[in-house]
Protein chains: 2
Amino acid sequence: MTALTHKQLWETIADALRDEILDGHLAAGSRLVETELAERFGVSRGPVRDALAELAREGLAVDLPRRGTFVSSLTEADLDEVYVIRRAIEEAAVRLAVERASEADLEGLRGALLEVEAAYARGDLATAWEADMSFHRAYCRLSGNGRLLALFDEMASQTVLLMRTALATRASLGWTPPVEYHRRIADAIAARDADGAAAAVGDHYRYTEDRLFASEPSG
Amino acid sequence: MTALTHKQLWETIADALRDEILDGHLAAGSRLVETELAERFGVSRGPVRDALAELAREGLAVDLPRRGTFVSSLTEADLDEVYVIRRAIEEAAVRLAVERASEADLEGLRGALLEVEAAYARGDLATAWEADMSFHRAYCRLSGNGRLLALFDEMASQTVLLMRTALATRASLGWTPPVEYHRRIADAIAARDADGAAAAVGDHYRYTEDRLFASEPSG
DNA sequence: GCGATGCTAACTGTTGACAATCGAGCATGT
DNA sequence: ACATGCTCGATTGTCAACAGTTAGCATCGC
């Protein structure tokens, strides 16, 4: 807690609180008192205030006016909501990407795809997840729609957020990398096949949601 | 500027600034100095700070760390971006609405539709616009996806925001109410026809975007 | 004359204190 | 015993001042 070069102070506070909430150290419904937190972090209430606002924006906390801020509980339904939105915006994204992507863009997309496959192949789940997200982000960027990309980023962070809750165990159980879907998406974009790309994205998410929600991993 | 019962102080400040920006009194690129604004509104820098953060979230201003806040310029491209996203999430919304809507829900949807048509019929553009938005919001609510609804609300406010800029004149020129599309959407949902509903939403937005962007309103 | 360096002014990020507001608990009246 | 009103404590919303940083400019050296 010493250096803190430039990375907005309240951002680091938000990170710390986010970790505590997701790790279960702060139970759902707990009160987040500005004064307490300010003292605990050794700062004033200003940055704490901003951090709480950020958490509220992310859905991790809820702010009752004149009452205080409380940590909200996240369930599987939340993750389902996020996936529905991701599917919708990514289908739109690939349709635009098909029209706008240059050859260099397509090359970059293939590169991202290879990274995902390589990471999965050598069993490096951590980087595989990151590369996975980067791949999705890549074609969202190719859409040329800044707001769409920002939206994806928001939903992506929500995804990793929700994955870190109780769902984490369950999600990691029956997980099989959706690499083939990724390849289908990339190929369809390269072939300038909008419908095919959108369908591939749809199949990707149907597959993922089935893995996560449909059946209990009781075997 | 006296009463201000409870409606968050910074919200009224944000409203005032938003108006000034959209009315052109604050040119794009202008600096929004916290101290100045605080003095102008007769408050401290705290609420002003929150108001500027809100404007930044809305995309009306951009915040450079340690530099200040500047009003950003909005173009037709922004409105196009918003419509792309609205179409994507509303297509997803109607698909969900088809599965979840009760008979009472469908009745409410038809009611909203009638309000839109009535307002358009008697030439009351102002309420027609509001009713129009309410209709769209209605089926987004029926999706049962809270995040999706929140997203729609955000995009809806962005729409009215962008409509108030220079686009306002242009938009109001060649405008023809897309009532038939509304009816198609409502009917498809009532018929539990997911593909039809999504297609209707798609056609609606294709029509709207054509009206707005495709051709200059040069007669 | 031109580039680098140090200064200055302005603005943001942060701080600790003050005031307004809300909920809980208690006293009081019925 | 129950409802009602009041007071008190706790907590947020707000404020004015301080410190750190950045951009712009003048000065100095080459």
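Throughout, protein chains are lettered first and strands after them, A, B, ... in sequence-line order, and every chain is numbered starting at 1.
The backbone N or O of A:S102 sits less than 3.5 Å from a side-chain atom of A:D105, completing a donor-acceptor pair. Side-chain atoms of A:E117 do not come within 3.5 Å of backbone N or O of A:V179 as any donor-acceptor pair.
The 12-atom threshold is not exceeded at CD of B:E39, counting heavy atoms of other residues, nucleotides or ligands nearer than 6.0 Å. Within a 6.0 Å sphere centred on CD of B:E11, other residues, nucleotides and ligands contribute more than 12 heavy atoms.
Summarising the geometry, the separation between CG on B:D63 and C1' on C:dT12 is reported as 9 Å, rounded to the nearest angstrom. Rounded to a whole Å, the CD atom of B:E39 is 19 Å from the P atom of D:dT14. B:F41 has its CZ atom 20 Å from the P atom of D:dG13, to the nearest Å. One interatomic measurement links the two molecules: CH2 of B:W10 to C1' of D:dC15, which rounds to 19 Å at whole-angstrom precision. Here C:dT15 presents its P atom at 6 Å from CG of A:L9, a figure rounded to the nearest Å. Spacing between atom CD of B:E11 and atom P of D:dG13 amounts to 13 Å, rounded to whole angstrom units.
Here the rule is side-chain contact (heavy atoms from CB on, under 4.5 Å) with B:L52, and of B:L60, B:V33, B:L17, B:D63 only B:L17 fits it.
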Protein N or O to nucleotides 7-11 of chain D N or O, pairs below 3.5 Å:
none

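In this structure, the separation between SG on B:C140 and CE on B:M155 is 11.5 Å, given to the nearest 0.5 Å.
Near-neighbour residues of DNA chain D inside residues 45-53 of chain A, defined by a heavy atom below 4.0 Å, number-ordered: A:R45, A:R49.
Residues satisfying the ring pair (Phe, Tyr, Trp, His ring centres under 6.0 Å) criterion with B:F152, sequence neighbours excluded, are absent altogether.
Ion pairing between a basic and an acidic side chain is recognised when a charged N comes within 4.0 Å of a carboxylate O; A:E58 and A:R18 show such pairing.
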